[in-house]
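Below is one structure, written out as structure tokens; the observations come after it.
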Amino acid sequence: MEEDLFSLAAGKQPSQQAKNEAGSQAGEPQESAAPVQPGKTEEDVRNRVDYLRSELRRHNRLYYEQAEPEISDAEYDALFLELEKLEKAHPELAEPDSPTRRVGGAPLQGFNQIRHAVPMLSIDDIFEQRDAPVPDEELVEFYNKLVKALKTETVPVSVEPKIDGVALSIMYRDGRLAYAATRGDGDVGDDVTANVRTVRTVPLRLRGDDWPDYFEIRGEILMPYASFDKINAEREAAGETLFANPRNAAAGTLKQQASAVVARRGLDCTLYQLAGDDLPFTNHWESLQKAREWGFKISDQMRICRSAEEIDAYIAHWDEARRELPFPTDGVVIKVNDFGVRRQLGFTAKAPKWAVAYKFKAEQALTRLDSVSFQVGRTGAITPVANLEPVLLAGTTVRRATLHNAEQMALLDIRPGDMVYVEKGGEIIPKITGVELSQRPADSRPFEYITVCPECGTPLVKYEGEAKHYCPNQGGCRPQIIGRIIHFIRRKAMDIEGLGEETVELLYENGLVRDVADLYDLQ
Ligand code: IVH
């Protein structure tokens, strides 16, 4: 287990030799690089530990912040492992913010509650109107209000992607991470310090020395698409339920009891606000540039705008360009830059008057419904599925969408041949949200739902309180039988090694298994 945790923890990274070479090439001083030999003094060990810690920190920065690793993952692992061994052998050298402490071994006992020194407020939303005039009226209204209230012509505002993750507040004392809490109800959140310490882009110790002795920094814990896809692929292979979207995955991960699990899930953190009354800054931009110098990850997309038109152009750009960002976004956050001006504007009962979140609409596409097919699940439940003319939506080609059940289909009056709107909401499977009636073919007829099972021909039944139709032929309907066996052998159930879906199908086709008991009679 130990080994396992280690390799998971180190995840991506950097060997001794290569790092030394890279270091010398870069002309960096080589601290005490000599490996500790038998007969080493206590001081040798301490030097070696210091050296390893500083190297690991440097490689973390190179890897995560600059995306310019100098050494391979295996090499990084070797450094990490050496440090871990030395720390184990010399407990007196332990340090809470050592790079090895990124991985918590012991599970947390529930979560303690933390009261936020400064409440974590929400901000007002402006919802994108499809086909709305440009620039958006509500946006112009927000900006004009600022101009009017401040009796000036321009009010510089920062504009940043609204990251679709989980809000987090992190406390730093004397340049070290003290604790981290979720937003909770805004006043009190969960103490997720152990888990946040495993997030590589959250500095445990700050660089430089010009940070306030005590401050709070807020941002979003997020799951990049790459991590999300990897985790869901693993979960699918293991027969586990999939995360619906990266935000759910980030939230679920942050609440994990075992921080070793968190460490390997590839979470990331972007910070967007310093909180506190006596910060040594006059504006947002300056405060975040400093935060970046201290080692925090700050949005590379942040800009300053000076008119409603500029804000609108930024929004229009990212409404499209966000598809190329490696992390999920659901809008743009607009905030007055100057802290003095923020104070002047103040708050409503629930939100600052100096900020607003512009929310993008869920991505939609219009395409033709070619046909409807029906899936029979392991319980006999029937799900109608739309076969679509392939269309590009939120970065992927969509060919199928769920139609849920007969009732839903009737409600939307969906008919094959219709042009339909497909949307990717929070769910993995896209759904059909409407029909473009203006494009309905003249000879179109209402859709008639099936009455018999598409697999075995048995008349379907509808149970009270159930939205779906069912095929009652449990013992003789192929997808139900195979579905049950596959469900039985999954990792979460019996976890039968060497038996996969395809083999089950093959065994069934050849008349070798009809139920799970047959598995045990196989020769
Ligand atoms: S600023 C008082 N900036 O969206 C201002 N929030 O709808 C605090 N969010 O609670 C928020 N990206 O969880 C801000 N660049 C960003 C953001 C951002 C995502 C989240 C955050 C906030 C919510 C507001």
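Read the numbers this way: they start at 1 and go in the same order the structure lists the ligands and their atoms.
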### Task
Output yes when the distance from some N or O of ligand 1 to some N or O of Ser122 is under 3.5 Å, and no in every other case.
no
### Query
Does ligand 1 have any atom that is closer than 4.0 Å to a heavy atom of Pro352?
yes
#### Entry: Salt bridge flag under 4.0 Å for residues Arg265 and Glu234
no
### Message
Any nitrogen or oxygen of Asp125 lying under 3.5 Å from a nitrogen or oxygen in ligand 1? Just yes or no.
### Response
no
### Query
Is it the side chain, the backbone, both or neither of Glu220 that has a heavy atom closer than 4.0 Å to ligand 1?
side chain
### Query
Do ligand 1 and Gln273 have nitrogen or oxygen atoms that lie under 3.5 Å from each other?
no
### Within-shell test, Pro161 vs ligand 1, heavy atom, strictly < 4.0 Å
yes
### Task
Return the option from Ile163, Asp330, Val166 holding the heavy atom at the smallest distance from atom 12 (N) of ligand 1.
Ile163
### Message
Quick one about Gln113 and Asp190 (side-chain donor to acceptor, distance below 3.5 Å, no hydrogens or angles considered), yes or no?
### Response
yes
### Message
Within the structure, is a non-hydrogen atom of Arg183 found at a distance of less than 4.0 Å from ligand 1?
### Response
yes
### Check: Val333 N/O within less than 3.5 Å of ligand 1 N/O
no
### Query
Which part of Met120 is near ligand 1, with near meaning a heavy atom under 4.0 Å away: side chain, backbone, both or neither?
neither
#### Entry: Heavy atom of Arg218, distance to ligand 1 below 4.0 Å
no
